Amino acid sequence: MLIKNANIRGREGKWDILIENGKFSKIEARLEAANGEEIIDASGKMVIPPYVDSHVHLDYVCTYGEPRYNMSGTLFEGISIWSERKKTLTKEDVKRRARHVLDWEIAHGTQFIRTHVNSDEPGHVSAEALLELKDEVKHLVDLQIVAFPQHGVYNFPNGDKLLEETVKMGVDAVGAIPHYEDTREDLVASLYHCFDLAEKYDKLVDVHCDETDDPQSRAIEQVAHQAWKREMFGKVTASHTTAMGSYNNAYAFKLMGVLERSQINIISNATINIHLQGRYDSYPKRRGITRVDELLANHINVSMGCDDIMEPFYPLGVGDMLDVLNMGIHVSHLTGYQQIQDSLDLITKNGARTLNRENDYGIEEGKTANLLIVPADDTYDLIRRHVKPEFSIRNGIVIMKRQPENVTIYNNDSAVKVNYTVEK
Ligand SMILES: [Zn+2]
C-alpha cells in the first residue's frame, strides 16, 4: 500500500508512505507506486498513530439500566446496582457487550486498549470471556488485560487468592484498589501482594489508586516506592490518583520527585472523575482530577482512558478517546495553544508508553504499519473540531473507513448564499 501526500504529525511537509508486509518500509517526499499497488491519496490530511485507550472496564460496559438506573449518579449507588447485575453474568453476556463496544472504539480510531477485569467473581467468568476475546480481535485491536480486585484484596473473602487465580489465567497485569481496603495496614499489604504477584508471574502493575477526594489517601507514595525499590521502571501504573487534586502543595511537591524517580505512569480518566468526584462537596466543589499539568511538567508519563461506558458507574460514553481528551484538557487547564497541540500525546504515544508498546508505535520506518488518516489541518484543528478518522489502518490493512459528514444549510432568505456546505 502507498499513502500519498500525508501530513505526518511532528514532521514538516507532505510525505509518501510505503507499507510492505505490514510494516512502514519507506517514508519519503515522493515515492512511486509499483504495478497494482493499492494507493490512498491522503491529500494533505493528517496521519497519526492510532489512539490508545489505556483504561477501560470491558466487563461492565453497556449494562446501564440493568437491573435499574443509577438515579443519584454516585459511585455507591453504582456499586450496589453492579452487585445485583453481577449475579446474572455469563461468559456470552460479557463477550457480546465487550465486542459491541470494541466496534465503537475501533470506529473512533483506537487500536490499543488496556481493560480491567474483575478478579472476584465466582468461576472468573469475565476473565475467561475477555481472554478469549483478546485472541479473537487481535487483527483489529490489541487488548491488554488487568486482573482487578474491585471489592478489595483483604476486605473481600479470599480476595488475595482470587486475584492470584486470575493472574494465573494469563492476564497481562496485576491490579489493586488500596484506598478501598478497610485499614492503612491492609492498604499497604494489598500493594505488597500485588507487586509480589507481578514479580512472581512477570506481569505489569496497574493500580486503581486514590480514587477519592480524601486528601489523606496516599497509596500513590507506596505504589511509586515499590516500583522504584523493585526496579520495575516503566512497568507500573497508577490510575485515577484523584486525591492528588486535594493534596496540599508541600506534600504534592515532595511526591512529584518520588513519582519521577520511580518512572511510574499515571492515567487520568477525566470524564469519569469529573462525574464521580466532588460528590461530598457542597460549594465550592472540587474537580476531583489528578494534577495532569504538574505531572507532565515533572516529566511523568500521563495518558487517558474512557474507564466506564454506559454502566452503573457512568451513564454516557461512545468509546471515543477525543471525548475523553476534550474533557481532560478542559478540567486540567491544558488549553493554552501549545498545550492543546501537545495534548494529543495523552491519547497516543503516552498511552503506548503506559502499555509498554512504545517500541513498535508511531509512524516510522521499520515499525508496524498502524495509522489513522484524519481530515484535519493540524492537531489544534483536529481537537477543536473533534475530527473523526477517515481511515484506520492496521498491519497495513484498512480496518475502518468513514464517509466524512457533509452538512448543508438552506439559507432561503439570502441573495448571496442559498444552499451551502458548512465549512470548518
Ligand atoms: Zn477503572
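Keep in mind the model is a prediction, meaning the values are calculated, not measured. The residues of the chain are indexed from 1 along the displayed sequence. One-based numbering, in listed order, for ligands and for the atoms of each.
Annotation: His208 is in aromatic contact with Phe148 [ring centroid separation under 6.0 Å].
What you find for Val236 and Ala227 is that their closest heavy atoms are CG2-CB, 3.7 Å.
Between the OD1 atom of Asp307 and the NE2 atom of His57, the angle taken at the Zn ion (ligand 1) works out to 90° after rounding to 10°.
Remark: the backbone N or O of Leu58 is paired with a side-chain donor or acceptor of Thr115 at under 3.5 angstrom.
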In sequence, state the C-alpha distance, the side-chain angles, and the governing distance for Lys86 and Asp120, and then conclude on salt bridge (Lys or Arg N to Asp or Glu O under 4.0 Å).
CA-CA 11 Å; Lys86 195 173 141 178; Asp120 52 27; 3.6 Å; yes
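The nearest N, O or S atom of His55 is closer to the Zn ion (ligand 1) than 2.8 Å. For residue His208, an N/O/S atom approaches the Zn ion (ligand 1) to within less than 2.8 Å.
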